Amino acid sequence: MMRLAIENWWVSDFSSLMSGQTSKCFIEALEDSEIIRFSKDKWDELLAASPSFRRIIEALTTKNFEADQNRIFINISDPAEIRYATFVQHHSTRYNRISLYMMASFLGLTRAYLSRVRRQIVKRGHAASSA
């Protein structure tokens, strides 16, 4: 999984949209969602016709870029336990709605390794609370 778009986020394969090439990605909605599909020509028309829409898209694109950059940095620099803890912290109200398979993919882990990390955290939590 490359990106996790939460409520009120915008998700797209901008590379495909800008190049006109077939996307190498797909978007999967885990819950009821509104999907809007634009051709490159219609997208360009909409941006040209509405400066307000262009500003909104620029802000959303910047927000998505920052989230992607942070995720890449975390995935290459932090150990699995920190990645998982950061994920839970950032998605505290929704992480229970995401399958372990998708969470593992997003964190750059196998499902088995994510399960092991979660068990270790629980064990340490019990050990700390009984000490």
Side-chain angles (χ1 to χ4, degrees):
M1 177 186 318
M2 291 181 54
R3 182 176 295 137
L4 176 63
I6 57 175
E7 291 88 356
N8 300 313
W9 273 59
W10 180 279
V11 64
S12 174
D13 182 352
F14 282 105
S15 178
S16 173
L17 179 65
M18 295 299 114
S19 70
Q21 300 294 314
T22 301
S23 178
K24 295 176 183 131
C25 305
F26 64 93
I27 298 170
E28 181 178 0
L30 303 178
E31 298 175 340
D32 289 343
S33 302
E34 290 186 36
I35 307 295
I36 303 170
R37 183 175 174 200
F38 293 98
S39 68
K40 173 80 167 102
D41 293 338
K42 292 295 181 187
W43 180 257
D44 291 341
E45 285 177 29
L46 183 57
L47 291 176
S50 177
S52 297
F53 182 72
R54 177 182 287 278
R55 283 191 298 278
I56 291 168
I57 293 306
E58 288 170 355
L60 290 171
T61 301
T62 299
K63 190 175 183 180
N64 278 328
F65 178 77
E66 290 171 357
D68 286 348
Q69 193 171 27
N70 287 334
R71 178 174 167 250
I72 291 168
F73 181 74
I74 288 168
N75 279 3
I76 64 173
S77 63
D78 289 346
E81 285 188 20
I82 300 297
R83 282 188 259 167
Y84 174 72
T86 301
F87 181 88
V88 170
Q89 179 183 3
H90 287 169
H91 301 284
S92 62
T93 61
R94 61 188 76 79
Y95 86 97
N96 284 325
R97 298 176 354 216
I98 301 166
S99 71
L100 284 180
Y101 170 77
M102 289 189 162
M103 190 181 310
S105 175
F106 185 78
L107 295 172
L109 307 170
T110 65
R111 187 178 179 278
Y113 191 65
L114 175 60
S115 294
R116 197 171 322 139
V117 166
R118 290 166 47 116
R119 276 193 307 274
Q120 290 171 347
I121 290 171
V122 168
K123 280 183 188 178
R124 256 186 275 149
H126 288 301
S129 63
S130 62

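Residue numbers start at 1 and run along the sequence shown. Heavy atoms only: backbone and side chains are in, while hydrogens, waters and symmetry mates are out. As the structure is a prediction and not an experimental result, all values here were calculated from the model.
Applying the salt bridge (Lys or Arg N to Asp or Glu O under 4.0 Å) definition to pairs two or more places apart or across chains, those involving residues 74-84 are E81-R124.
Looking at every heavy atom in both residues, Y84 comes nearest to V117 through CB-CG1, 4.3 Å. The two residues Y113 and T110 have their closest heavy-atom pair at N-OG1, 3.0 Å. A104 and L114 make their closest contact through N-CD2, 3.6 Å (heavy atoms, listed as atom of the first residue, atom of the second, distance). For the residue pair L46 and F38, the shortest heavy atom distance occurs at CD2-CE2, 3.7 Å. Closest of all the heavy-atom pairs between R71 and S105 is NH2-O, 3.9 Å.
A distance of 10.5 Å separates CD in E66 from CG in D68, rounded to the nearest 0.5 Å. Q89 contributes atom CD, which lies 10.5 Å from atom CD1 of I82 (distance to the nearest 0.5 angstrom). In this structure, CD1 on I74 lies 6.5 Å from NE2 on H90, to the nearest 0.5 angstrom. Atoms OG and CD, on S39 and E45 in that order, are 7.5 Å from each other to the nearest 0.5 Å.
At least one donor-acceptor pair closer than 3.5 Å links the side chain of S16 to the backbone N or O of Q21. Of the possible donor and acceptor atoms, one in the side chain of S23 sits under 3.5 Å from a partner among the backbone N and O of C25. In this structure a side-chain-to-backbone donor-acceptor pair under 3.5 Å is present from N75 to F106.
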Atom pairs and distances, donor-acceptor, side-chain atoms in residues 49-60, under 3.5 Å, two or more places apart:
| unit_1 | atom_1 | unit_2 | atom_2 | d |
| --- | --- | --- | --- | --- |
| S50 | OG | F53 | N | 3.1 |
| S52 | OG | R55 | NH2 | 3.3 |

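Residues meeting the side chain to side chain contact (heavy atoms under 4.5 Å, CB included) test with S99, sequence neighbours left out: Y101, M102. With sequence neighbours left out, the side chain to side chain contact (heavy atoms under 4.5 Å, CB included) criterion links N64 to R3, W9, W10. Partners of K63 under the salt bridge (Lys or Arg N to Asp or Glu O under 4.0 Å) rule, at least two apart in sequence or in another chain, do not exist in this structure. Applying the side chain to side chain contact (heavy atoms under 4.5 Å, CB included) criterion to R37, with sequence neighbours excluded, gives no partner residue.
For the pair S115/L100, a side-chain contact is recorded, criterion being any heavy-atom separation below 4.5 Å from C-beta on.
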